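Keep in mind that what you see is a predicted model, and the values were worked out from it rather than measured. Just so it is clear: chains get the letters A, B, ... in the order the sequence lines come, proteins before strands, and each one is counted from 1.
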Protein chains: 2
Amino acid sequence: MEERFLISILLDIYGELLTNKQKNIMNFYFNEDLSLSEISELNNTSRQATYDIIKRCQKLLLDYDSKLGLLEKEQRISQIKKDIHIKLEELRKDIDINKKIDIIEDIKLIISNI
Amino acid sequence: MEERFLISILLDIYGELLTNKQKNIMNFYFNEDLSLSEISELNNTSRQATYDIIKRCQKLLLDYDSKLGLLEKEQRISQIKKDIHIKLEELRKDIDINKKIDIIEDIKLIISNI
């Protein structure tokens with residue numbers, strides 16, 4: 001995953017753990033695509049200070065994810081939802097009872113991975 | 001939920017965000033049921049210092065959950081898993097095609113809440 005995109009997703013997941021100031025700066029930089037200079041002007045601070053905050057927050061977000069692993073969990077659940085949908089479409093078809101029971105058991109197995 | 005039980009669950013979810021020392025003390029107190037005096041002895045520290053760490057960590061865990069809401073999310077997913085299992089048992093039965101499609105649509109709706 002491209003780093004900029006990764007940080008933007010982690011910001012969605014863990015943003016609430018940052019302070020409001022940190023969250024705003026990260027949001028300006030990663031979601032609204034403002035430059036360091038533009039953000040510095042908005043915050044009445046230096047370009048270097050803005051850069052330091054962004055770097056520190058990037059590290060914080062990566063650190064939270066290495067500890068809680070919510071990104072991987074969200075990706076896994078998203079895949080599980082797709083897998084269940086595929087199985088449900090199979091169930092829709094006119095199938096015999098044994099095939100039906102196999103698919104039901106498959107879905108149970110898929111759910112057990114949530 | 002009883003507070004002691006709540007903190008023990010939050011410790012499972014957010015424990016990695018604590019330091020090792022904090023995690024150990026919380027684990028001794030909430031999961032292994034050691035007394036403040038016993039924990040203080042193990043850590044070569046005062047009873048008051050142990051108490052302060054426990055209180056601070058309790059606050060931290062509650063604060064993490066108020067921001068990330070993972071406990072409620074886990075409870076919701078657990079309920080969703082149960083609901084899908086119930087629907088799958090209905091599907092197992094010898095039902096007509098319309099009933100089958102209704103149940104499949106019900107499961108899709110349930111999954112959309114994950």
J.: Between B:Ile77 and chain A, with a heavy-atom cut-off of 4.5 Å, which part of the residue counts as in contact: side chain, backbone, both or neither?
T.: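 Looking at B:Ile77, just its side chain touches chain A.
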J.: Do A:Ile54 and A:Leu36 touch side chain to side chain, with heavy atoms closer than 4.5 Å?
T.: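 Counting from C-beta outward, A:Ile54 and A:Leu36 do come under 4.5 Å.
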J.: Please answer whether the main-chain N or O of A:Glu41 pairs with a side-chain N or O of A:Thr45 as donor and acceptor at a distance below 3.5 Å.
T.: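 No; zero donor-acceptor contacts below 3.5 Å.
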J.: When you measure from the side chain of A:Asn43 to the backbone N and O of A:Ile39, does any donor-acceptor pair fall under 3.5 Å?
T.: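 Yes; judged by distance alone, with no hydrogens or angles, the pair exists.
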J.: Return yes if some donor-acceptor pair links the side-chain N/O of A:Asp65 with the main-chain N/O of A:Leu71 below 3.5 Å, else return no.
T.: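 Side chain of A:Asp65 to backbone of A:Leu71, a donor-acceptor pair under 3.5 Å: yes, one is there.
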J.: Look only at the side chain of A:Glu38 and the backbone of A:Ser35, and say whether a donor-acceptor pair between them is shorter than 3.5 Å.
T.: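 Judged by distance alone, yes, a pair lies under 3.5 Å.
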J.: Please flag which part of B:Ile13 lies under 4.5 Å from any non-hydrogen atom of chain A: side chain, backbone, both or neither.
T.: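 Contact with chain A involves the backbone of B:Ile13 alone.
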J.: I need the residue from A:Ile103, A:Leu91, A:Ile84 with the largest number of non-hydrogen atom pairs under 4.5 Å to chain B.
T.: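 Highest number of pairs under 4.5 Å: A:Leu91.
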J.: Let me know if B:Lys87 has heavy atoms under 4.5 Å from chain A in its side chain, its backbone, both or neither.
T.: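 Neither; nothing under 4.5 Å.
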J.: Under a 4.5 Å heavy-atom cut-off, does chain A meet the side chain of B:Lys100, its backbone, both or neither?
T.: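 When you check distances to chain A, only side chain atoms of B:Lys100 fall under 4.5 Å.
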J.: How long is the span from the CD1 atom in B:Ile110 to the NZ atom in B:Lys82, to the nearest 0.5 Å?
T.: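 Answer rounded to 0.5 Å: 13.5 Å.
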J.: So for B:Ser112, is it side chain, backbone, both, or neither that comes closer than 4.5 Å to the heavy atoms of chain A?
T.: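 It is the backbone, since no side chain atom gets that close.
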J.: Among the options B:Ile107, B:Leu68, B:Ile101, pick out the one with the most heavy-atom pairs lying under 4.5 Å from chain A.
T.: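 That would be B:Leu68.
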J.: Relative to chain A, which segment of B:Ile97 carries a heavy atom at a distance below 4.5 Å: side chain, backbone, both, or neither?
T.: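 The answer is the side chain of B:Ile97.
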